[in-house]
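These notes concern the structure reproduced below.
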Amino acid sequence: MLVLVLNAGSSSLKYSLRRFDPTQPGAGGVKIAKGIVEQIGESEVADHLQAFDIVSGELAEVLGGRTVDAVGHRVVHGGERFTGPALIDNEIIRAIEQLNELAPLHNPPGVQCLRAATRAWPKVPQVAVFDTSFHRTLPEPAWRYALPDELYRRYGIRRYGFHGTSVHYVGQRAAEMLGVPWEKFDGVIAHLGNGASVTAVKHGRSVDTSMGFTPLEGLVMGTRSGDVDPGVLVFLLRKGYDADKLDSLLNRDSGFKALAGHNDMRAITEAAAAGNEEAELALEIAAHRLARYIGGCHVACTGAQAVVLTGGIGENSAPFRARLLTKLGPLGISLDAAANEEATGMDEGLRISTPDSVIEVLVIPTDEERAIAEATLALVGLP
Ligand code: AMP
């Protein structure tokens, strides 16, 4: 069975094609093709429709006359309605489109690709998999803002949480490594990429997470500010900033980019090691906030069995992990420095805490595309 996964980002379109053995649907299948169209809107590729045409051209060559059996789409925001993967039809696409204003950078490209793919392959079942749905189990004290109820009822202003597909996938791998069933797994999962978040998992369910109404809340990220006092926004509005200017300040010109001049973690850690004070401070600010969130999530899941690190930074940056783990000493965590150095670009998970560490620390590579393909297959069913 051939399953195509389309992952539309704000300025990119990634695809991956997998072949599944019908007798082993949970084994992840075999990746037979993948690709990416980047700089959409900033190059000769004007929009995601054009990107989709490029992708379908590349796929036609790989497939050579065969057709795919199912398509899985990553959709960032599923609002309150989509608590799990959804089989696509026109009504579902319209419902996802209505959520566009909640995620203006990410959902519209996803919707464009959903439309293009259902037009291109009308007979192929297609499934939307949402970044928010793993967080459907957040208890109300974790998802409510201390704002008037009317804002929730009228606009849906509440905390949703993101990175759910990755967190769920990595969490299940962590439970396997610990030898505990997923339903008994309690842990803190930090997805640290260009976007970054921390999630508290209790008994295999999300009970708290650092991202909120949008993927802007929480940690210091590549170009996003994470938490700032909302009073700063009011102040800047009074100084003449408008919505667009605030949006691009907080989403594109903040985070590591603002603190260290750019968002390449490898270059930042190298600069800090060479004595660059800005880079050093940027890393300290990010690690300080992350450690604080991990401590909070440890409490929220009533005591983690493991802290799990994933995403481009979590999987690859030994210096940043070491900096973080020294700050987690009060939780009884201790770092195995040699294992930490070893854990870079791996296919499998690795423990980077010492045997006497009170909480295990695991580095586990995420694979959102595999998780989306498996979720798609689970909904569509095997032939
Ligand atoms: P992601 O969004 O998950 O692709 O992660 C992107 C982030 O991972 C960027 O900040 C990169 O600088 C960082 N990253 C990727 N590879 C490495 C590496 N080998 N060492 C340090 N950081 C890395």
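All ligand and atom numbering here is 1-based and tracks the order in the structure.
- Cation-pi geometry between Arg173 and Tyr169 is met: under 6.0 angstrom from the ring centre, within 45 degrees of the axis.
- In this structure, Asp131 pairs ionically with Arg74, as a charged nitrogen and a carboxylate oxygen lie closer than 4.0 Å.
- Judged by the 6.0 Å distance and 45° axis criteria, Arg158 is positioned over the aromatic ring of Trp143.
- Set against the non-hydrogen atoms of Gly193, the atoms of ligand 1 under 4.0 Å away are 1 (P), 2 (O), 3 (O), 5 (O).
- Within ligand 1, the atoms closer than 4.0 Å to a non-hydrogen atom of Gly312 are 1 (P), 3 (O), 5 (O), 8 (O), 13 (C), 14 (N), 15 (C), 23 (C), numbered from 1 in the order shown.
- Put simply, Val124 and Leu2 are part of the same group of oily side chains (I, L, V, M, F, W, Y) that touch within less than 4.5 Å, one to the next.
- Side-chain atoms of Thr223 and Phe256, non-hydrogen and from C-beta on, never get closer than 4.5 Å to each other.
- Here atom 10 (O) of ligand 1 lies nearest to Asn263 when heavy atoms of Asn194, Asp264, Asn263 are compared.
- Inside a 4.0 Å radius of atom 22 (N) of ligand 1 there is at least one protein heavy atom.
- Distances between N or O atoms of Met265 and those of ligand 1 include at least one value under 3.5 Å.
- Each of the following atoms of ligand 1 lies closer than 4.0 Å to a heavy atom of Ile313: 7 (C), 8 (O), 10 (O), 13 (C).
- Nearest protein heavy-atom contact of atom 16 (N) of ligand 1 is Asn316 ND2, 3.6 Å.
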Chi angles and distances behind the side chain to side chain contact (heavy atoms under 4.5 Å, CB included) call for Leu335, Ile352:
CA-CA 6 Å; Leu335 173 73; Ile352 61 163; 4.1 Å; yes
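- Thr269 contributes a side-chain N or O that, together with a main-chain N or O of Arg266, makes up a donor-acceptor pair within less than 3.5 Å.
- Atoms of ligand 1 lying under 4.0 Å from at least one heavy atom of Ser317, given by number and element, are 21 (C).
- With a 4.0 Å cut-off on non-hydrogen atoms, Thr344 does not touch ligand 1 at all.
- Polar contact with ligand 1: absent for Gly195 (N/O pair, distance under 3.5 Å).
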